[in-house]
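Taking it in order: structure first as structure tokens, then the write-up.
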Amino acid sequence: MRVLVVGGGITGLTAAYTLGRAGIPTTLLEASGRLGGKLRTERVDGFLVEAGPDSFVSYRPAALELAHELGLRDAIVRPREPRVVQIRTGGRFVPLPQEMGLVLPTRLRPFVTTPLFAPREKLRMGLDLVLPRDDLTCDVGVGAHLRRRLGAALVDRLAGPLLGGVYGTSIDELSLLAVVPQLRDAERAHRSLLLASLAAGRARRHGDGSPFVTLAGGMGQLVDALVGALQQAADVEIRPRTALRALERRRPDRPLEALLATGERLRPDVVILTAPGPEAARLIEGVATNVATTLRTIPHGTTAVVSLGYRTAQFAAPPADHGFLVAAGEPLSIDACTISSAKWPGRAPEETVLVRAFVGSRSGRAASMSDAALVAAAIRDVATTLGARGDPLLVRLARWTSQMPQYTVGHLDRVAAVFAGLADTPSLILAGAPYQGVGIPDCVAQGRAAATRAQELLGTARATRPVVPVAS
Ligand SMILES: Cc1cc2nc3c(=O)[nH]c(=O)nc-3n(C[C@H](O)[C@H](O)[C@H](O)COP(=O)(O)OP(=O)(O)OC[C@H]3O[C@@H](n4cnc5c(N)ncnc54)[C@H](O)[C@@H]3O)c2cc1C
């Protein structure tokens, strides 16, 4: 074995798949009995339940390209139209203004007319048009920066709910340069963030659909296709239920050794480590102590997803929107809720409704509440907001403890320090959600890049084998 890939999430699977196609002898270790990491799809009583991600963006092409390469082109599914998402504020729902960019409007009219903001709040946002450009030579919190330019209302009711949920932390802690560098670039080019966003909207093609896509069989279909391709690759060995216990090295000039939980000791030429940050830090402690220390400064939060299935008759008016985001200050435990059965085709049986509630990630309560309390909070909040009556038919809880990397202010510097610290240990490659993007496309791109780097180190960069689609 020349390359050892640690972790069978989307990053590790992509790395192993890329190496397998290049004919590099590769072993993939996965600690649990299941491959896919956070991509976990379950079919139960006709419901398709996602424990982690339910979709990915198509404008960062890596994941979509991978799906195509794996023969999944026909399985790509887009959200149902019309795409209406609500904001829960002041105890009522207000539609998210149409034609939004990341956190700002790309068209003026829906924003000017939205009841989400009072006229004086809209006037305050107008200050952005005249404020001088901020050069942003060092990192700042997204919340603080937007609040200064556009006012608190935009942060509390729009940008915070939109961004905070993705990273499971408050928008005030999020790094502008790591999470929304587009805002820095926009400000440099246009001075005003609003003007930049409107210009981006004008430049965009008309009729652009949703940027999100999923697969007919859920995100697990991508995992199954990758595993199918890996099983066909002659040089790849997949070892589930086999954890790496530690990386070791007899002397700094000696090769890395991988001590497995089974007691085996492997001597790979290259190790690609894709475990979540806290675990990765523990694994490399013995070979790169300073890097492990820096890695521990990348915080990892806890998030919980409660999936609830109901009969349609349990709602006075069955929810038809794609879901809602919760504004700051609302007396709810959930941060957001997706109506999966309304958003995607094929997620729930006829006459039923499937919702996915995200509980307590922004507030940090997901880590401290018991399973029963999380589920009870989700059921209560779905009753309060959507009017669901009685007990749900289906309840599934997925809690991701200390597994959500939070890109807080200074994240890029921390990642740069981690990578620089590995200069003495080139045969150790770190990749995955803690570093250069948490989204599935970013993880796929990092898995590919890690595999390419491993090939370079082995001096085996060469043409890849033709792809044989493994699924249709
Ligand atoms: C609730 C939730 C919703 C999300 N929604 C979206 C979304 O809609 N769209 C999107 O693009 N992204 C979404 N994300 C983010 C995305 O799912 C993750 O960032 C991505 O899947 C991480 O992939 P990974 O391979 O880097 O890590 P992981 O999926 O965490 O995989 C790491 C793997 O390493 C294994 N491992 C750990 N330690 C060891 C060891 N010692 N030895 C061997 N194996 C080990 C673990 O068991 C795991 O399988 C979501 C995440 C969560 C939690």
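Only a predicted model underlies this, so the values are computations on that prediction, with no experimental measurement involved. Both counts, for ligands and for their atoms, begin at 1 and track the order of listing. Throughout, residue positions are numbered sequentially from 1 according to the sequence presented.
- Evaluation of the ring pair (Phe, Tyr, Trp, His ring centres under 6.0 Å) rule for Phe56 yields no partner, not counting sequence neighbours.
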Give one line per pair: atom of ligand 1, protein atom, distance. Only N/O to N/O under 3.5 Å.
residue  : atom   : partner : partner atom : Å
ligand 1 : 8 (O)  : Ser55   : O            : 3.3
ligand 1 : 9 (N)  : Ser55   : O            : 2.8
ligand 1 : 11 (O) : Ile440  : N            : 2.8
ligand 1 : 19 (O) : Val438  : O            : 2.5
ligand 1 : 25 (O) : Ile10   : N            : 3.1
ligand 1 : 25 (O) : Thr11   : N            : 3.0
ligand 1 : 25 (O) : Thr11   : OG1          : 3.1
ligand 1 : 26 (O) : Thr11   : OG1          : 2.8
ligand 1 : 26 (O) : Ala433  : N            : 3.2
ligand 1 : 29 (O) : Lys38   : N            : 2.9
ligand 1 : 30 (O) : Lys38   : NZ           : 2.7
ligand 1 : 38 (N) : Glu279  : OE2          : 3.4
ligand 1 : 41 (N) : Leu244  : O            : 3.0
ligand 1 : 41 (N) : Glu279  : OE2          : 2.9
ligand 1 : 42 (N) : Leu244  : N            : 3.0
ligand 1 : 44 (N) : Ala31   : N            : 3.1
ligand 1 : 47 (O) : Glu30   : OE2          : 2.6
ligand 1 : 49 (O) : Glu30   : OE1          : 2.7
ligand 1 : 49 (O) : Glu30   : OE2          : 3.2

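- Under 4.0 Å is where a charged nitrogen must lie from a carboxylate oxygen, and between Glu42 and Arg396 at least one such pair does.
- Counting non-hydrogen atoms of neighbouring residues, nucleotides and ligands closer than 6.0 angstrom, the CD atom of Glu99 exceeds 12 such neighbours.
- Using a 4.0 Å cut-off between a side-chain N of Lys or Arg and a carboxylate O of Asp or Glu, Glu279 and Arg282 qualify as a salt bridge.
- No more than 12 heavy atoms of other residues, nucleotides or ligands lie within 6.0 Å of CZ in Arg73, so this atom counts as exposed by the packing criterion.
- Contact check for Val5 versus Val271: no side-chain heavy atoms found under the 4.5 Å cut-off.
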